[in-house]
Amino acid sequence: MRILLIYIKLLLSTAIIIAQPLEKISVITEKGIADIPIFKREQTVYFSIKDFAEATSVNYFFNEKNRKIELKFDNFLLKITAKNPYYVITEKASGKQVIYQLPTSSYYFGNLIFIPLLLSIDPIEKAYGKQLTFSSPHKLIVGSNIPPGQINLFNDINESGLNTSFNITGLDVSERTNGTLIKVHSNKRIPSYFSSHKSGILTIIFRQVNADINKINRVNVGGLVKNVIVKNIGPDTEFKFAVGEEYSTNEVMNEDGTNDIFITIHNKIFTKAEDEQRTRDKWDFDVIVIDAGHGGKDPGAIGINNIKEKDINLKAALKLGELIKKNMRDVKVVYTRSTDKFVDLHKRGKIANEHNGKLFISIHCNSTKKKPSEANGIEVYLLRPGRTKEAISIAERENSVIEYEDDPGRYEKLTDENFILVSMAHSSYMKYSESFANMLNLQFKHNTKLKARGVKQAGFYVLVGASMPSVLIESGFISNKKDSKYLKSSTDQQQLAEAMFGAIKEYRLYYKKQMEAEL
Ligand SMILES: [Zn+2]
């Protein structure tokens, strides 16, 4: 858990670098050398286009109010707008225009427009009619004239007058503990995608986008990805990843707020040690961790008649534990708390990991603000970035317990990207968590008087820490009259615990079968 959280912090600290002018580059022309300001962001060098015009003695008009600059080259005008990915080039003689779309926008600060250096060389060369050479680390050389015949500015534009560059511009592949993370950089929202896996090839098709295949096919792969081949097929792009034998499942998802796509490729859960017996012992289904939500100074939700969530959770947890102890004598039960005491969220996962748990069950109760209210029934949650409004609000409520903790800063805001990485650490267990969640849901449906509301996903901190298949149960609404009566009744709670135990019995068989098949 601690490693994961440090990791989240590292990620956050690298993600929130505020752009600042750092250095300069020298623009070298026939007439001399002039330094112009640049800054670097995510390995991309941006430079001030106004300073570039001054350094090259090109006339320009800078509209500070509208944050637009127009460079007046001999034959072309180049118009660039701050915080915008489009460059407009107009041929002076004909008035014909071409619009370049860059994969990234320009920046604006200190009353200057900064444009990405390498990506801008081609359009500036064409508008300028001179060759530009960027020689690392700090030199931009303005070379000889490009013969006019070689500037084919209007050849490759489409009907809209847009010189479309590629939508998918790159790919990062990185290896993680439980799999491989691929980030697909796109400057256009990808309207739909689908994936399939067959004979060691994971195929993902992105609809209605094109990719810079020459660049992407040269990307260094790693982890579970042995090779990647990208093709533009009609209006779509097809990625074929050759994945290793350790491949188990994959997930494709949008990153909120950008057009980028994450693909996570997960390892198999059971990995062989050198000694077969030791491998089997390691994966034996021998410890179940039961986590009664809240406790002590944290009452959890308050239901009707001031019923406290923490009390219901604890009673249900202890009842479930008793059933396991009595009927599965070879399985050890570990409680994160067995009394009414406060336990930090991160410690709950730590306890589970230290005891080598094979299954983590966090027991909670649901509630609505309005009391009493109609909402009722049991939900089973998996750890995934919360997508629905409802899932987010439940996760917020359950996560709000950290206010009671000594160091709330420990839980940095789980942004989507971080969450994907964290839940990816869980993803090799996801198949198991999912199977168990489905078994629970069916048990609740058939063997309790409560309504089974199904399996859902949300971002619960408590599940982040446990490195094992894990679920969180919202066992009914204490804000609902019928549910709260059920949850308070010892007999009914026994029924609930028995339903959970029924799912554990099923899961144990399933788990053993999987282990036999995979080891
Ligand atoms: Zn709770």
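Atoms within a ligand are numbered from 1 in the order they appear, just like the ligands themselves. The structure presented is a predicted model; accordingly, all values stated were derived computationally and were not measured.
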**Student:** Suppose the criterion is salt bridge (charged side-chain N to carboxylate O under 4.0 Å, His left out): which pairs have a residue in residues 219-232, not counting sequence neighbours?
**Tutor:** none
**Student:** Give a yes or no answer on whether the side chain of R207 reaches the backbone of T237 with a donor-acceptor pair at less than 3.5 Å.
**Tutor:**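 Flag not set: sc R207 to bb T237 has no pair under 3.5 Å.
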**Student:** Name of the H364 N, O or S atom nearest the Zn ion (ligand 1)?
**Tutor:**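 When I compare the N, O and S atoms of H364, ND1 is nearest to the Zn ion (ligand 1).
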**Student:** Is the Zn ion (ligand 1) under 2.8 Å from any N, O or S atom of C365?
**Tutor:** no
**Student:** Mind checking whether the Zn ion (ligand 1) has an N, O or S of E309 under 2.8 Å?
**Tutor:**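 Checking E309: at least one N, O or S atom is under 2.8 Å.
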**Student:** The test is side chain to side chain contact (heavy atoms under 4.5 Å, CB included); show your working for I168 and I190 and say whether it passes.
**Tutor:** CA-CA 9 Å; I168 296 176; I190 297 175; 4.1 Å; yes
**Student:** Show the atom names and distances, to 0.1 Å, of all donor-acceptor pairs under 3.5 Å that link a side chain in residues 500-510 to residues at least two apart or in another chain.
**Tutor:**
from, atom 1, to, atom 2, distance (Å)
E506, OE2, Q443, NE2, 3.0
R508, NH2, D330, OD1, 3.1
R508, NH2, D330, OD2, 2.4
Y510, OH, S435, OG, 3.0

